[in-house]
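Atom set for the values below is all heavy atoms of this structure, side chains included, hydrogens, waters and symmetry mates excluded.
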Amino acid sequence: MNDYTVFGIKRLRLSVHRSVRIPASLGIRRSALLSRRNWMAPDLATPGDYFRKNPIPSPRPPAPGSPNTTSQTRPPNEACYTGISMLRVRFAPSPTGFLHIGSARTFIFNWLYARHNGGVMILRIDDTDVERNTEASLTSIFEGLRWLDLGWDEEYKQSERLAQHREMAEAIFQKGFAYRDFTPAQSGETERSGAQGTWLFNSEMRDLPAHESDRRAAAGEPFALRFRVPRDAGRQVRFADAVYGPQSKSTADIEDFALLRSDGMPTYHLASCADDAGLRISHVIRGQDHLTNTFKHVLIFEAAGVPAPQFAHLPLLVAPDGTKLSKRRHGQVVSVTTYRDAGFLPQAFVNFLCLLGWSPKDDRQQMTRQEIVDAFSLEGINRANTEVNFKEEDPFDPKAVWLNAEHIRALPVEDLAERLLPIVRAAGFPVDRPKMLAITPLIRERMKLLRDVLTVADFFFAEELPPYETSELIPKKGDPALALAVLQQAAQTLAAAEFSHDALDAALRSAAQSLGIKAGQMFEPVRVAVCGRKTAPPLFGTLEVLGRDTCLRRIDHAIAKLKEL
RNA sequence: GGCGCUAUCGUCUAAUGGUUAGGACAGAGCCCUCUCAAGGCUUAAAUACGGGUUCGACUCCCGUUAGCGCUACCA
């Protein structure tokens, strides 16, 4: 039989038309599964309290290399084990695409809530959709999260918790809150959703007599497990959302959703609730796209007899066209790695994202990580969707860029130089650390993104100046003859001057005076000769860093160009 | 279609029912200045619409409109 393993999930062929997918790490064999096919038969399981069977989650420390910046300062999570309720939040991405900025924001809000309240931040990979999971996606998510540099305390993979999911399904089934649906799985968009009305349930399956259901299950007929949504008239499902307030929805508007697929794998709703319960999640903070799903989750928690966590839904991030951010429509601009590669500082990126849908209620914009943690609260989250203001020609929100520039300026010169160094080297310039350290203060206020170092400071690194128009050398209200005179004078001056900022300042100013021109007219040709363009960092500091030899060589070159005119 | 959610400057947002509706980004102008930045000052720019309740409504209620989300054996 053609068994195979994809993404840690082993697919076992049980018969020609039946297969089961389970985590390879469980090491389950086909024979075990064949005997398990009837695991849900009523006589096999003892109805019981889900919690009693799953007393304590077994935390797994974050993978090596994960940033865990705060674990040292946080007290050990003992409260959880002694039964005292402990604040625990989770970020639960599914590895079906790169980490996008909306997910990153959800992670950040969870993290902030945990850190503000001294709680535990959990990363849970929701990988129950085996078909769509990819290794590349998982890598991208970890890469993105690591770059954010926030860290997390515990880490789980949903696919490793299948036993717990099944247990919860079983508990719900035992209590009669779920039933087997033997209807063959429908592919993609079904006809029933195409019909105008909302599909609620298939009464043939919902009302199947127990013995008939058991018989068909025992015979090996595949089935999905569906939640039996209460159908008594006027029944409302309610919960309080920390952001959106009290919520209620009639059960008449909730369909009998699936808990288990016909291959035995849990659906998102089941897996998510089982893990939230099993991992003792106290607060579920997630995107508003889950707001209506929450009614189903409340039903699941109720049926399983476990207390539901607190819910807080976040307004969605939308593109300028008003639609939810997506890779298909908006491309790479929604990927966290795009921001990283463009030269955003993680602290600036976090600062930007936390201000999308949340406000500290005062006038602060630029905030340090600690300031954000201190100010954060769910009360500060607003309810309307938030537009990320990017354009095709300008992929980054101007406020994100401004905040990045602010954070760049706030960085100590040493730290900034350290971050710039690899970028410059990757571009092929063999610059050394001391030189980078000397250049950094000159360009710090002229950069919005880290990669700007390549355009702002290129002339510091390049041996040969890129070609420029000779006319650039001619100062305002001047002519080629004046430019030539200035440069010859400058060459003479620089040959003799002490190469320090103040000395160069004084020397060039007095040179201008001796030529009878304004200082500006003196500086302009020198700047172009040395930098190759009119806009550049402050002149004296630039000359100082460049050194006498390079300056004189470049000025001589400019003189030669002028003489060709 | 059904259900849910939302609505303040272009964008992000602030405003115990009582403010000339505030701040930030982006824009415009001025100042500073060796260019460019940075910085400082100034300026333009909003309560979706219609009804209530109230002495008084951005704020509370109803409706309309618009947008978003969910409506899968995806998450």
Side-chain angles (χ1 to χ4, degrees), chain A residues 92-96 126-129 131-133 158 181 183-190 192-199 222-226 241 244-245 247-250 252-255 257-269 271-272 287-296 313 315-316 318 320 322-324 352 355-366 382-389 397-403 405 409 443-448 456 476 505 508-509 512 518-524 526-528 531 533-540:
Chain A
S94 69
T96 55
D126 277 10
D127 54 354
T128 54
D129 184 2
E131 302 286 337
R132 290 168 52 200
N133 290 340
Q158 201 158 56
D181 181 354
T183 314
Q186 270 145 341
S187 55
E189 295 300 307
T190 58
R192 71 188 185 207
S193 66
Q196 298 303 34
T198 311
W199 177 87
F223 61 85
L225 190 74
R226 285 188 182 279
D241 190 276
Y244 288 91
Q247 303 291 312
S248 75
K249 185 170 181 163
S250 167
D253 294 316
I254 303 174
E255 78 282 4
F257 53 95
L259 258 19
L260 244 30
R261 304 175 198 156
S262 48
D263 62 3
M265 289 292 281
T267 62
Y268 162 73
H269 299 301
S272 174
Q288 197 239 52
D289 47 347
H290 287 293
L291 191 64
T292 41
N293 286 333
T294 307
F295 295 104
K296 294 173 184 171
H313 288 88
L316 259 23
V318 297
T323 61
K324 194 166 121 173
F352 170 64
L355 254 17
L356 259 27
W358 172 79
S359 154
K361 303 282 186 187
D362 50 35
D363 288 341
R364 283 130 95 207
Q365 310 287 331
Q366 202 232 107
N382 70 7
R383 289 176 276 274
N385 285 172
T386 298
E387 202 173 296
V388 182
N389 197 7
D397 190 308
K399 191 158 183 176
V401 173
W402 170 76
L403 273 170
R409 277 174 231 128
I443 59 172
R444 177 155 69 157
E445 285 175 354
R446 271 150 275 262
M447 286 193 295
K448 294 184 185 303
V456 171
K476 259 181 287 186
D505 188 337
L508 285 173
R509 277 181 203 278
K518 287 185 175 178
Q521 288 177 300
M522 179 81 204
F523 302 153
E524 238 184 295
V526 177
R527 174 177 296 112
V528 175
C531 304
R533 67 178 111 90
K534 282 185 170 170
T535 63
L539 186 59
F540 312 123

Ignoring backbone atoms, establish whether A:Thr267 has a side-chain N or O less than 4.0 Å from OP1 or OP2 of B:A72.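 No, because none of the side-chain N or O atoms of A:Thr267 sits under 4.0 Å from OP1 or OP2 of B:A72.
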With a cut-off of less than 4.0 Å, is there a side-chain N or O of A:Arg226 near OP1 or OP2 of B:C73?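 So the side chain of A:Arg226 is within the cut-off, an N or O lying under 4.0 Å from OP1 or OP2 of B:C73.
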Is there a Watson-Crick or G-U wobble partner for [N] with both distances under 3.5 Å, and which nucleotide is it?
N: B:G39; result: B:C31
N: B:U59; result: none
N: B:U6; result: B:A66
N: B:C74; result: none
N: B:A14; result: none
N: B:U20; result: none

Give [X] one of three labels, base, sugar-phosphate or nothing, depending on what nucleic acid heavy atoms sit under 4.0 Å from its own.
X: A:Lys448; value: sugar-phosphate
X: A:Ser250; value: nothing
X: A:Ser94; value: sugar-phosphate
X: A:His269; value: base
X: A:Pro537; value: base
X: A:Arg533; value: nothing
X: A:Thr323; value: sugar-phosphate
X: A:Pro315; value: nothing
X: A:Gly287; value: nothing
X: A:Lys361; value: sugar-phosphate
X: A:Phe540; value: base
X: A:Pro184; value: base

For the residue pair [X] and [Y], what are the closest heavy atoms and their distance?
X: A:Glu524; Y: A:Lys476; answer: OE1-N, 3.3 Å
X: A:Pro538; Y: A:Arg446; answer: CD-NH2, 3.4 Å
X: A:Leu355; Y: A:Gln365; answer: CD2-O, 3.3 Å

In whole Å, what separates the [atom1] atom of [N] from that of [M]?
N: B:G63; M: B:G4; atom1: P; value: 12 Å
N: B:U47; M: B:A21; atom1: C1'; value: 8 Å
N: B:A26; M: B:A7; atom1: C1'; value: 23 Å
N: B:C68; M: B:C60; atom1: P; value: 24 Å
N: B:G1; M: B:A15; atom1: P; value: 35 Å
N: B:C58; M: B:G40; atom1: P; value: 33 Å
N: B:U8; M: B:A24; atom1: C1'; value: 15 Å
N: B:A14; M: B:C9; atom1: P; value: 13 Å

Residues that A:Glu255 engages under side-chain contact (heavy atoms from CB on, under 4.5 Å), provided they are two or more places apart: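 A:Trp199, A:Leu200, A:Phe257, A:Lys296.
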Restricting to side-chain contact (heavy atoms from CB on, under 4.5 Å), what partner residues turn up for A:Asp289, sequence neighbours left out?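 A:Asp289 satisfies side-chain contact (heavy atoms from CB on, under 4.5 Å) with A:Leu316, A:Lys324 once adjacent residues are dropped.
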Please check: side-chain N/O of [X] versus main-chain N/O of [Y], any donor-acceptor pairing under 3.5 Å?
X: A:Asp181; Y: A:Arg226; result: no
X: A:Thr267; Y: A:Leu260; result: no
X: A:Gln366; Y: A:Leu403; result: no

Spacing of [X] atom [atom1] relative to [N] atom [atom2], expressed in whole Å:
X: A:Arg509; N: B:U33; atom1: CZ; atom2: P; value: 11 Å
X: A:Leu403; N: B:U13; atom1: CG; atom2: P; value: 13 Å
X: A:Leu539; N: B:U35; atom1: CG; atom2: P; value: 11 Å
X: A:Arg446; N: B:G39; atom1: CZ; atom2: P; value: 12 Å
X: A:Glu445; N: B:U33; atom1: CD; atom2: P; value: 16 Å
X: A:Gln365; N: B:U13; atom1: CD; atom2: C1'; value: 8 Å
X: A:Asp363; N: B:C25; atom1: CG; atom2: C1'; value: 13 Å
X: A:Arg444; N: B:G39; atom1: CZ; atom2: P; value: 13 Å

Counting distance alone, no hydrogens or angles: does the base of B:C68 have a donor or acceptor under 3.5 Å from a partner atom on the side chain of A:Lys324?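 A donor-acceptor contact between them is absent.
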Donor/acceptor link under 3.5 angstrom from A:Ser262 side chain onto base of B:C73: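 Under the 3.5 Å cut-off, the side chain and the base do form a donor-acceptor pair.
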Reading RNA chain B from 5' onward, which residue's closest nucleotide shows up sooner: A:Asp505 or A:Ala224?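 Here A:Asp505 is the residue nearer the 5' end.
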Closest-nucleotide ordering on RNA chain B, the 5'-leading residue of A:Arg527 and A:His290: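 Final value for this comparison: A:Arg527.
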Nearest-neighbour nucleotide for the [X] side chain, [options] considered:
X: A:Asp289; options: B:C70, B:U11, B:C36; result: B:C70
X: A:Asn389; options: B:U11, B:U71, B:C12; result: B:U11
X: A:Phe523; options: B:C34, B:C25, B:C70; result: B:C34

Look at A:Asp362 together with A:Arg364 and state whether they make a salt bridge at an N to O cut-off of under 4.0 Å.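 Looking at A:Arg364 together with A:Asp362, the answer is yes, because their closest N to O distance falls below 4.0 Å.
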Within the sub-3.5 Å range, which N or O atoms of nucleotides 4-8 of chain B have a protein N or O partner, and how far apart are they?
{"from": "B:C5", "atom 1": "O2'", "to": "A:Gln288", "atom 2": "NE2", "distance (Å)": "3.1"}

Quick check on side-chain hydrogen bond (donor to acceptor under 3.5 Å, both in side chains): which of A:Gln288, A:Gln247, A:Arg383, A:His313 does A:Asp241 satisfy it with?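 Only one of A:Gln288, A:Gln247, A:Arg383, A:His313 forms a side-chain hydrogen bond (donor to acceptor under 3.5 Å, both in side chains) with A:Asp241, namely A:His313.
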For A:Ser272 and A:His290, test the side chains for any donor-to-acceptor distance below 3.5 angstrom and give the result as yes or no.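 Short answer, no.
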